[in-house]
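See structure below.
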Amino acid sequence: MLISLKAFAPELTLVGFLSLLFLLDGFVPKLRENRFPLIWVIISCIAAGLVTATGKGLSGDFFSGLVTETGLVAFFRYFFFFACGVTAYVTLGSTEIEERGRSEFSLLILCMTFGMSLMVLANHFLMLYIGIETVSIISFVLAGFARESSRSNEASFKYLVYGAVSSGLMIYGISLVYGYTGALSYPAIAEALIKNNGTHPFVFYLALVMIYAGFAYKISSFPFHFWTPDVYEGSPTPVATFFSVGPKAAGFGALLHFVLTALSQKQEGGVFAPIAGIQLAPVMAMISAATMVVGNLSAIAQTNVKRMLAFSSIAHVGYVLMGFVVMTPAAFSSIIFYLIAYCAMNLGAFWIVGIVTDEKKGSDLSHFKGMGWRNPITGVCMAIFLFSLTGIPLFSGFIGKFLIFGNLIQSQSYLWLALLGVLNSVVSLYYYTKILRAMWLEKPEGSDSAELRLPLSQVIGLVGLALPTVILGLFFSPVLEMAQRWIAQ
Amino acid sequence: MKEAVFTFFSLFTLLTAAGVILSRNVIYSAFNLVLCFFGLATLYLLWGATFISMIQILIYAGAIVVLFVFVVMLLNFEKPTEQKTRLPIIILASAGVWTLALILLRVLSKSLGEIPVLETTTRASVRTVSKLLFSQYLWPFEVLTVFLLALIVGIFVLARPEGEEAK
Amino acid sequence: MTALDFVIAALKAIVILVAVIQVVPVMIYVERKVAALIQDRPGPNRVGPFGLLQPVADALKFLLKEDPIPLYTHRLLYTLAPFLSLIPACLVIAALPIADKAILFGKEITVQIADLDVSLIYVLAIGSLGVYGILFGGWASNNKFSLIGALRSASQMVSYELPLGLAAVGAVMIFGTFSLREMVVQQDGTLLGVLPNWGIFYQPIGFLIFLIASFAETNRLPFDLPESEAELVAGFHTEYGSMKFATFFMAEYMNLATMSGLMTVIYFGGWHLPWVTDAQLLEWVGSQNVLCLIQVFTYIFKVSVFMFLYVLIRWTLPRFRFDQLLALSWGSLIPIGLLNIVVSAVLMYFLGGK
């Protein structure tokens, strides 16, 4: 049992820091100032990341099969800690999270990171559900953090209702799967499925669809994506930043883990094939196509940048889902690379949106007018992020898309999906450049044309995100190799 | 005998659950919800899970629905205004409901006839539950504490009175 | 289950239920007489010698009086609410162990309607359902004061369920079982040869918390705000006349009896006489049935002591203000309850066994 605990050292570090924050906050009121809780979050994330790095060599099932440690899990841990740390950094400079709420905010995002790790670690439906619920419920609170804003309340409420419905569906699906396979842990489910040799009752497929409902809600894929625009638009921007990266990646990680462990078998050559009788590929292809199309087409009509980015994130989910269609290790490592690239560029894009929202108290396109001239660094960074999101060569987004589409093409099936992906990227260029046009090609009105000075910390942060986006676009091999190694474990 | 009891209580649960949705008055919905939870508790009893059934009544029917009723009474809902539903929505909704009904009918027609009254070998008594909870399922149990902490902080965030400085 | 078992179970249920319902008229008389005693006045002395037939008069009044139904109430819930209060009050009695076995009809019968292995949770669970009668009664009356009374009462009852449960958890830890019968059986004999082996000596703080919480659970002074006679007319049962009011009344007294029963069972040894074990008694008396009778009387005596305590405190202490009430529960009783659990656990670990 104690050995199992060692495997959770990163999560336990998080919990330790979080409890300390809670206690310090309660008993040492002086520390409730502006910066301390958030800096504490950053410190804890770094610490947890370090612990993850030093804790190599432990893999397998722990806690009697409730959780597994694989390379995949390690990657997602780094990912979540990074996302959490950056969000805290972003919040430092944001006025949307009121000052007296900062320590609660910090505590909540730490707990949420913990929950996200749980989702990916889970090897058992119980753990998965606990993880999902932790992340969801904390998200509801975070979405409604700006209590004076009616949009924030609306966002929180919508998130809640959607979350409740999809959680209910998911639990129902889980119970049906339990009824059919008699087990709740992924490997046991796989065993039971293999025994049935290709013919599964209809109930099982229904149950799978329901379980996917839960996942789809978290990653905001079609048809459970309807909450995304409203929630991203209504939540305070730092919160939206976290949402667009954290829970999404957590959902993907959990989905990956679920599909790999419960629904597929490892064939020779390291290829994963779904267990006989489960037709993952066509279903995933259709969902991916629908998500891409819905995301991109809806984004065109938007005038609010946050909504636009929300729809764009839905579209990106569509791209990533393509990796699930062909289940080769190469496909999975391309998913991981895409997630890394997506993390940096999305965090950066939302950060800049946050800067504009802070200053102008709104995030419509009109508020972006002339930002490029008022603060060139912001403009350049935004350009980098948006081009990367589109998938223009020279940037990491391009490499990510290239890898994912390439896998599809290599497998000689679902070529139409790859084509659809490329077409969608072209469409996305339109709305991304709308933002850029507002920033660089339009002159702001009178008093707004003053130069905007950003604190140095913010500038460093932005550049810190922009650089990898560029560098990854050029020197992607090392990261790709790391991804492949992670998958192989 | 057991099948008869099971059928009766399942029907009871389903009917009261339907009552929750179809009641005109919100308070009647809450009342039906309590009855529904009662039905569920008896179903748990049929499977030998004594602990869970009592906990179900204690927590769900005895505390959570009370809070629901509180909120309803405090908010004093008025009767909803009559809204004419538009035709496209009606068509879409009916299509969805019919599809679901057909799916369910197909599923049921295959498994009707065997009412799954589980033959349990181990009663889910308090002893068994607690043994499992502290050995095999210890990690989820402990993890939930973090969740609950976050929950309490979250509630505080959402319900904090305006303009208060104290924690 | 043979037919005989069924008949015995039904008989038990009827007998015990009817017996507990008899508490109500007795309490009516006792309450008013003791109140009079404390307030230095004669009390009921018109109906029968020393006013002993007062409960009969009250019952006749309830039965014969007009049963008004106000105009704008929600008819269904209004009529249902008193029974929503009464039903849980009656159901809970099923789990209370009154005496050990009696031998009738050649079978050993336990003097308890239902011997569940989770009877403590059962009692707490069904007890918590009593809130609904009050809530719906207050709301369906279409009367703002009733509603306020109902909401206050409900929040009070919900708040005090927690300390009640926590104190019970302490007892569960000591006895190692949720079954009330088991708890009583374990309270046989003496502790350290000097004290009776009763729960209160193991869990004194737990008992205090349970006592205070039970006052709040039964809406009894000093936690009387929901029916505060001076403030809200009669709180949630303002709009209820004759029989429905009587039903609420009955439910309240039966709840009292139940809480007293719980306290004797968990903390005061249930049916055991102090210092004397059951085996010794059996030797001395000879017959199992006579022993059973003695146990029943012991139980009734102990319950009566508690009921008297309830009445005494009602007429002695002033009422709590509502925020004081809630602060007491959440701020004091729950932390103390939790501390009690921790300390008990630690002591149990170090002293080994019991």
Side-chain angles (χ1 to χ4, degrees), chain A residues 1 4-5 8 11-12 14-15 18-19 22 25-27 29 32 62-67 100-101 103-112 114-115 117-118 121-122 124 126-127 129-131 133-135 137-142 144-145 147-148 153 156 176 179 201-206 209, chain B residues 17 20-21 40 43-44 47 64 68 92 96 99-112 114-121 131-167:
Chain A
M1 181 76 69
S4 301
L5 272 184
F8 289 103
E11 276 80 31
L12 290 178
L14 264 187
V15 172
L18 164 169
S19 329
F22 189 63
D25 197 72
F27 292 113
R32 257 184 84 84
F62 291 104
F63 276 110
S64 38
L66 286 181
V67 286
R100 53 194 180 109
S103 34
E104 280 89 24
F105 181 77
S106 322
L107 194 74
L108 286 175
I109 50 178
L110 277 181
C111 289
M112 196 158 148
F114 181 69
S117 302
L118 281 184
L121 280 172
H124 189 279
L126 177 67
M127 288 303 297
Y129 192 69
I130 291 180
E133 284 304 299
T134 311
V135 176
I137 294 190
I138 300 183
S139 310
F140 304 154
V141 175
L142 285 178
F145 212 83
R147 280 180 14 185
E148 309 82 34
N153 296 336
S156 177
L176 286 176
F202 183 68
V203 188
F204 179 65
Y205 295 117
L206 192 63
V209 170
Chain B
V20 173
I21 309 174
L40 276 178
L43 287 178
Y44 292 154
W47 289 323
I64 293 186
F68 274 17
L92 208 61
T99 322
L100 193 62
L102 283 174
I103 294 178
L104 285 176
L105 272 177
R106 191 177 153 205
V107 169
L108 285 176
S109 62
K110 293 212 172 145
S111 60
L112 207 59
E114 338 127 14
I115 297 182
V117 179
L118 273 181
E119 294 302 324
T120 47
T121 46
K131 270 211 187 114
L132 276 179
L133 201 58
F134 282 97
S135 59
Q136 202 178 358
Y137 293 97
L138 182 59
W139 177 239
F141 190 58
E142 303 296 333
V143 153
L144 282 172
T145 55
V146 177
F147 180 31
L148 286 173
L149 177 66
L151 215 60
I152 294 178
V153 173
I155 293 174
F156 176 71
V157 165
L158 288 179
R160 176 173 40 206
E162 304 286 331
E164 186 174 297
E165 273 302 317
K167 181 169 165 56

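Protein chains get the first letters and strands the later ones, always in sequence-line order, with residue 1 at the start of each. Everything numeric here is computed off the predicted structure, so don't read it as measured data.
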Worksheet entry | side chain to side chain contact (heavy atoms under 4.5 Å, CB included) partners of B:L151, counting only residues at least two apart |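 A:I137, B:F147, B:L148.
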
How far does [atom1] of [X] sit from [atom2] of [Y], to the nearest 0.5 angstrom?
X	Y	atom1	atom2	answer
B:L149	A:F114	CG	CZ	11.0 Å
A:E104	B:L158	CD	CG	11.0 Å
B:F141	A:L126	CZ	CG	12.0 Å

Worksheet entry | A:C111 versus B:V146, closest heavy-atom pair with distance |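 Between these two residues, the closest heavy atoms are SG-CG1, 4.0 Å.
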
Worksheet item: Where do A:I138 and B:A150 come nearest, in terms of heavy atoms and distance?
Response: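 The pair with the smallest heavy-atom distance is CD1-CB, 3.4 Å.
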
Worksheet entry | Pick from A:I130, A:N153, A:L142 with the largest number of heavy-atom pairs that fall under 4.5 Å of chain B |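 Result: the option with the highest number of such pairs is A:I130.
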
Worksheet entry | Contacting region of A:L110 [heavy-atom separation from chain B under 4.5 Å] |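 A:L110 has no heavy atom closer than 4.5 Å to chain B.
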
Worksheet entry | Sequence-distant partners of A:T134, side-chain hydrogen bond (donor to acceptor under 3.5 Å, both in side chains), two or more places apart |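 Not a single residue meets the side-chain hydrogen bond (donor to acceptor under 3.5 Å, both in side chains) criterion with A:T134.
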
